[in-house]
Protein chains: 2
Amino acid sequence: MTSTKFRFIILTGIIALTAARTNAQDLYAAQRQSWLKKAEEYKPVLTETIKHPTGIVKLEKDAAAFQGWKMVPAGRVEQFYNTPINQKNTGMIVDFGEHMTGYCTFTLKTLRGDMDSPLRLKLTFGEVPAELATPFDPYPGGLSRAWLQDETVTVSVLPSTVTIPRRVAFRYVKIEWLGSSSGFEFGFTDLHFKASTSVTVTPPELAATTSPIIKDIDRVGLATLKECMQTVYEDGPKRDRRLWIGDTYLESLANLYSFKNDGLTKRCLYLLAGLSNEDGILNADVFEDPEPHAQKTHLLDYCFLYNVALKEYVAATGDKQTGLDLWPVAKKQLDIAKMYTGEDGMMDYVKAGKEWWVFFDWKDGLDKQAPLQGITIYTLNQTYALAKLLGKENEVTEIPAMAKKLKEAAHKNLYDKTTGLFVSGPNKQVSYGGQAWMILSGVASKAEAQKALKALPTVADAVHPGAPYMYHYYIAALIESGLKTEAKAALVDYWGGMVKKGADTFWEVYDPADEFKSPYNFFPVNSYCHAWSCTPVYFIRKYPEIFQQ
Amino acid sequence: MTSTKFRFIILTGIIALTAARTNAQDLYAAQRQSWLKKAEEYKPVLTETIKHPTGIVKLEKDAAAFQGWKMVPAGRVEQFYNTPINQKNTGMIVDFGEHMTGYCTFTLKTLRGDMDSPLRLKLTFGEVPAELATPFDPYPGGLSRAWLQDETVTVSVLPSTVTIPRRVAFRYVKIEWLGSSSGFEFGFTDLHFKASTSVTVTPPELAATTSPIIKDIDRVGLATLKECMQTVYEDGPKRDRRLWIGDTYLESLANLYSFKNDGLTKRCLYLLAGLSNEDGILNADVFEDPEPHAQKTHLLDYCFLYNVALKEYVAATGDKQTGLDLWPVAKKQLDIAKMYTGEDGMMDYVKAGKEWWVFFDWKDGLDKQAPLQGITIYTLNQTYALAKLLGKENEVTEIPAMAKKLKEAAHKNLYDKTTGLFVSGPNKQVSYGGQAWMILSGVASKAEAQKALKALPTVADAVHPGAPYMYHYYIAALIESGLKTEAKAALVDYWGGMVKKGADTFWEVYDPADEFKSPYNFFPVNSYCHAWSCTPVYFIRKYPEIFQQ
C-alpha cells in the first residue's frame, strides 16, 4: 500500500459512528495504551550486516530491458577504490549485487596533491537501473520529491568518513563529482552499507522438483519480504516506509510460510490497535517515529483485512491471548459492514465510497461494488472463524445470518448467468477484482468460480489488476476455485515476468504492457521493493502440490 | 591571499637551493618539529557565541546597489518561525544582521497534518545579497564549486534538529523548499548559529573627533579581522579558510592595534616555520586539518613578508624568545634574495618569475620588476632591523651593503627622472604597485616619493591596484611619503566605497569600476570577508593624527 497525492479522509461515516465520551471510551483509551505498550515490547532488534560493493557497472540503453535500461559489468570493485573522482571521471555506478535497506558510509582520501577546497559529491541510490538514468528535476511526480534518493555531500577536509544521514534502499549507487579543486585528486578508500532487517532465519529450500522459474520467484519474493521486514512490516523500504494494514496482511501471510517472525506480526497487530481511533475504527497506516502515531487515513477494505490478518495469525500460531486482547478491535470493524448493509443485503458502495477511501487496487475506473460486497462477506466469515477460535461466537451471533444475506444478495444482483461472470456497478463492469472477491467470499460456487475465471481472459474489456496487490487476490481465487494449473501459470506469467526483467525484489506496480506506469506520475518514485508483491512466497510454500511439482 | 586555478609550483629554484641531506638538515627537521609543537601550544580556544536571526529580508533589484541587488526588510523574525515552508512559500531569506563564521543548526516541526514523506530543503548561505540572487549552476567558476555555500538536506522524521556539517560564513541564509508531501505543513521553530572567533577583547573607541565614515571603515575592518581570526589568521572564513603569509602579515599588523591577540600571531609564525621545506624555504600557505601541513606553494614575495611580519611582532611585543627561535627561518629566506641578485644589483625578475609564483596583486599584466626589486630591499632592511632587535647583526653582516647595492641599482634603472615616476619591465610600465614598493623600500627620496604618488593619478595607463591587498601598500606608501591628506582620502575613497555599498566586512576583490570582478570567473565565489582587506584598522589606529582628526 502507499500514500496518495489525494487522500480521502472523509470522516462523515466515522462521526456517525462516534457517540459521546463515555466510561466505555475511557476504558478503550486505557486499552489502546496497553496495546501500544505491548507493541513496544515486541519491537524487534534489527539484524545489521555490513555489505560491500561487488563491482562497477554502467548503464546501457536497451529497448528489450526493463524500462529501457540495463546495467552491464564495467569493472571489478578493486578498480573503484583509489580511482580519482573528478570532472572527467564522474557518474561511476557501484553495484552491491542485491537490494539492501539501511545506511551508507564511505571514506574519501586524497590521492594526489593538496585538497585546496571542499569537494562536493552527489550519491544517487537506485533500486532499478532506469532510476539512475532518469533526471529527477524538474520533478513531475505527485509525491514528495524528497522520496528520491539523491544526496549531495560537501566535505571540507580529507580523509573523511561520511554517513548519509537518511536511510536508503537500493542496489546501485551512482557517484557524481560536483566539485573539487584542480591539481588535486581524491577517491574512495571504503564504501559500505549497514543493511538491516528483522529477519533472523533462512527458510527451507523448496522441493528439488521445483522449476527454476518458481525457485527464482520464491527467491525474489523472499528478498522483497526480508527488506520490508524492519521494526514493522513496511510497505516499501524506499517508499513509504510505514505500516499499512493491507500490506501487513499479505506480509504476515508470506512470513508464516518463510521467516516465521511471529513477534513482528504480533507487534504490528498491537500497534495498529493501539493507534485506532477513539471510536475503535482502525487507521489504514501508522508511523513509528518520532513516536507511534497514525496517519488519519480511513480505508474501508483495510479495516476489514485487519480482522482477516488477526484470524490468520491466531490460527497459525495458536496465540489465543493476542487474539483475545485484540478481539474488541476486530468486533468494532464489523460496525462498518453493518453501517452500509442495506435492507436488500447489498452494501451501499456509493455511500461508502463517498465516506471512505475504498481502495482495492491502483486501477483507475475499477468499479468497487462487487469487490466491496465480496470483501465484506469474506470479512464476516473470517471474523466468525476468529470468534470460534477464541470461543467468542456468543458475542457475534448475528454474523452467520448477515453473511448469508449478503452472499445471497450478491449472487442475485451481481451474477450474470448468461456470461457466467460477476458484474459490478451501474455499467455492469467485469473485472478481475470483482471475480476474485466474489470467489474468495464464497458467493460463487466452485463451478461458477471456475467458469468465471476461465471466461475472464476472453472478455475484451475486463478490468485487469493494476498492481501486484490485486494480483494476489486473483491467484488466491484461482487456487480457491481449484484451478491449480491456471494459478501456477498466472503466477509464473506475472511475477516471473518481473524476474525475467531482472527484478531483485518485486515491484509496487507492474503492468507488463506499460513498464513506466506510476500512480505518482513519475516512475522513479515508484517503490521497486514492495511488500504487497511478496506473496508468491506464500503461495509457493503453502501449496507445494501446485507450485513445487 | 587565495588559491588560484593554476598554481605555480615550480620547484626548479628550490631544487637549486637544496643540498644533500646533512646533519644540519636533521637538526632542522628537529627544529621544525619543535616549532609545530609550539604552534599547537598557542592554538587558541575559540569563543563561541549563539546568534539568532534579526529579521526576514527579501532581494530587490536595484541598479544602484552593490552588484545590482539589495536586501530590504520583509518581516520580523517572529514571522519566520512557524511559517509553513512549501512550494508556494519558498525562497525566504533570513537575516542575522552581521557576518558570522561557524555552524548552523535548525529545528523543524510539523505545523499541520501528517508528515507523509521526507522533506527536502536547500539552505544557501550568502555574505552579500547578489550571492543569493545568482544561480550557482551551471557553475562557470575557476575554483571548486564546493566553495559555494548551498546545502541540501533531507529530513525523514519531524521534529528534527539538523546541524549543517560544514562550517559556513555568511550574513543571510536563503531557505528553499525542494519537496514535502501535500496536505502537510512544516516550519522552523528554531534557527541559530554558533559563531566562532579567537577574538576576546573589544578594542578602544576611536577619538570622538573621528569622522563617521572613518568610524564605519574601522568598524567594518574590525568585523573583517574578527571573522578571519579563528585558530589561525585565515585569509577568508568562507574561502580559502587557511593561513597565508601575506594575509597573516596584514592581519597581524591590524591585530597589534586592535584585538592584541599576540598569541595567535605567535602561533601562526611558528606554524609557518614548522611547515617550511627541508631546505628552510617557507610555503606560502598552510592548512591546520586533518593535521598541520603545507600547501606546496612557492610564492616569492610571501617568503619575504614572513621576515617583515616576524620583525613587526618582535618589535611590538618585545618577545625576543620567539624572534630568536625563528631567526634561522628569517635568515634562510634571504637566500632567495641572494639567488636572484645580479652583478648589477638588479633582481633577475624574469628568472624569478619562471621559478616562483611572484604575486603582489590580483592584477593581470602587472609588471613585477619594480615591485620585486622594492620588496627585496624592504625585506633586507626589515630583516636587518630584526637582527638588531635580536642582537644577531653579526650573522647578517652582508645585508647593509647588499641593500645599498640593490637600492642604488633600482634608482639608476627604474627611476624616470623626466616623469618623476618609477617604471617596471621592458615596457617601462608605470604602476601603483611599482611606486609603492619603490617608496616603502626607500629607493625614492621623500621628495621623489611625493612627486611620484602625486603624478600617478595623471598617468592614463598607470596600472591600478587590483585588490585591497595592493591598496594596503599604496596607502602605506602615501603615509611613508608624508602625504597624509592623500592617504586619508584614498582610504576613505576605497574602503569607504565598500562601506557605502553596504559592506558588513571588507571584500577580497573590489574594483569600484567593476563590481563583478572575480579572479575566479564567478563573483559569488569571491570572498566577501577577506583578511587582507582589514588593514584600515591598522592605519586608522596607528596613525590617529591622520585618520582620527
Side-chain angles (χ1 to χ4, degrees), chain A residues 3-7 9 87 109-110 113-122 137 139 141-160 162 164-168 177-184 239-242 285 287-290 293-297 525, chain B residues 3-7 9 87 109-110 113-122 137 139 141-160 162 164-168 177-184 239-242 285 287-290 293-297 525:
Chain A
S3 55
T4 49
K5 191 176 175 188
F6 306 103
R7 294 211 159 274
I9 312 170
Q87 197 150 18
K109 78 163 187 187
T110 298
D114 290 310
M115 188 186 188
D116 187 37
S117 72
L119 62 87
R120 194 172 168 94
L121 284 180
K122 183 158 81 170
D137 299 296
Y139 176 66
L143 300 179
S144 168
R145 162 69 175 83
W147 282 120
L148 298 170
Q149 301 179 129
D150 57 325
E151 294 294 311
T152 300
V153 171
T154 306
V155 176
S156 298
V157 175
L158 291 188
S160 183
V162 177
I164 303 286
R166 73 187 291 191
R167 202 190 78 180
V168 290
W177 177 95
L178 297 182
S180 63
S181 51
S182 60
F184 154 77
R239 208 213 79 244
D240 296 343
R241 304 178 42 170
R242 76 196 63 163
D285 65 307
F287 301 93
E288 297 177 271
D289 297 311
H293 66 287
Q295 185 163 32
K296 296 287 178 185
T297 305
V525 82
Chain B
S3 55
T4 50
K5 191 177 173 188
F6 305 104
R7 294 211 159 273
I9 312 170
Q87 197 150 16
K109 77 163 190 188
T110 298
D114 289 310
M115 187 183 188
D116 187 36
S117 73
L119 61 87
R120 194 171 168 95
L121 282 180
K122 184 159 79 168
D137 299 297
Y139 176 65
L143 299 179
S144 168
R145 162 69 175 81
W147 283 119
L148 298 171
Q149 302 180 125
D150 57 325
E151 295 294 312
T152 299
V153 171
T154 305
V155 176
S156 298
V157 175
L158 291 188
S160 184
V162 177
I164 302 286
R166 74 188 289 192
R167 201 190 79 181
V168 290
W177 177 94
L178 297 182
S180 63
S181 51
S182 60
F184 155 77
R239 211 215 75 245
D240 294 343
R241 302 179 45 171
R242 77 198 63 164
D285 64 306
F287 301 93
E288 296 177 271
D289 297 312
H293 66 287
Q295 186 163 33
K296 296 287 178 186
T297 305
V525 83

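Below, read A as the first sequence line, B as the second, and so on, with proteins coming before strands; counting in each chain starts at 1.
- In terms of heavy-atom pairs under 4.5 Å with chain A, the best-connected choice from B/Gly179, B/Ser160, B/Gly113, B/Pro290 is B/Pro290.
- We find the CG-CG distance between A/Asp116 and B/Asp285 to be 7.5 Å, quoted to the nearest 0.5 Å.
- Each of B/Thr152, B/Asp289, B/Thr154, B/Leu121 has some count of heavy-atom pairs under 4.5 Å with chain A, and the biggest count is that of B/Thr154.
- At a 4.5 Å heavy-atom cutoff, the contact between A/Arg241 and chain B is made by side-chain atoms alone.
- Rounded to the nearest 0.5 angstrom, A/Ser180 OG and B/Leu143 CG are separated by 11.5 Å.
- Taking CZ of B/Phe184 as the reference point, atom CD of A/Gln295 lies at 11.0 Å (rounded to 0.5 Å).
- The CZ atom of A/Arg166 lies 7.0 Å from the CZ atom of B/Arg120; values are rounded to the nearest 0.5 Å.
- Neither the backbone nor the side chain of A/Ile164 has a heavy atom closer than 4.5 Å to any heavy atom of chain B.
- Only the side chain of A/Phe287 comes within less than 4.5 Å of a heavy atom of chain B; its backbone N, CA, C and O stay farther away.
- Listed here is the closest heavy atom pair of B/Ser144 and A/Pro118: OG-O, 3.0 Å.
- Residues A/His293 and B/Met115 have side chains not in contact (no heavy-atom distance under 4.5 Å, counting atoms from C-beta outward).
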*Let me see the working for A/Arg242 and B/Asp114 under salt bridge (charged side-chain N to carboxylate O under 4.0 Å, His left out), right down to the final yes or no.*
CA-CA 13 Å; A/Arg242 76 196 63 163; B/Asp114 289 310; over 6 Å; no

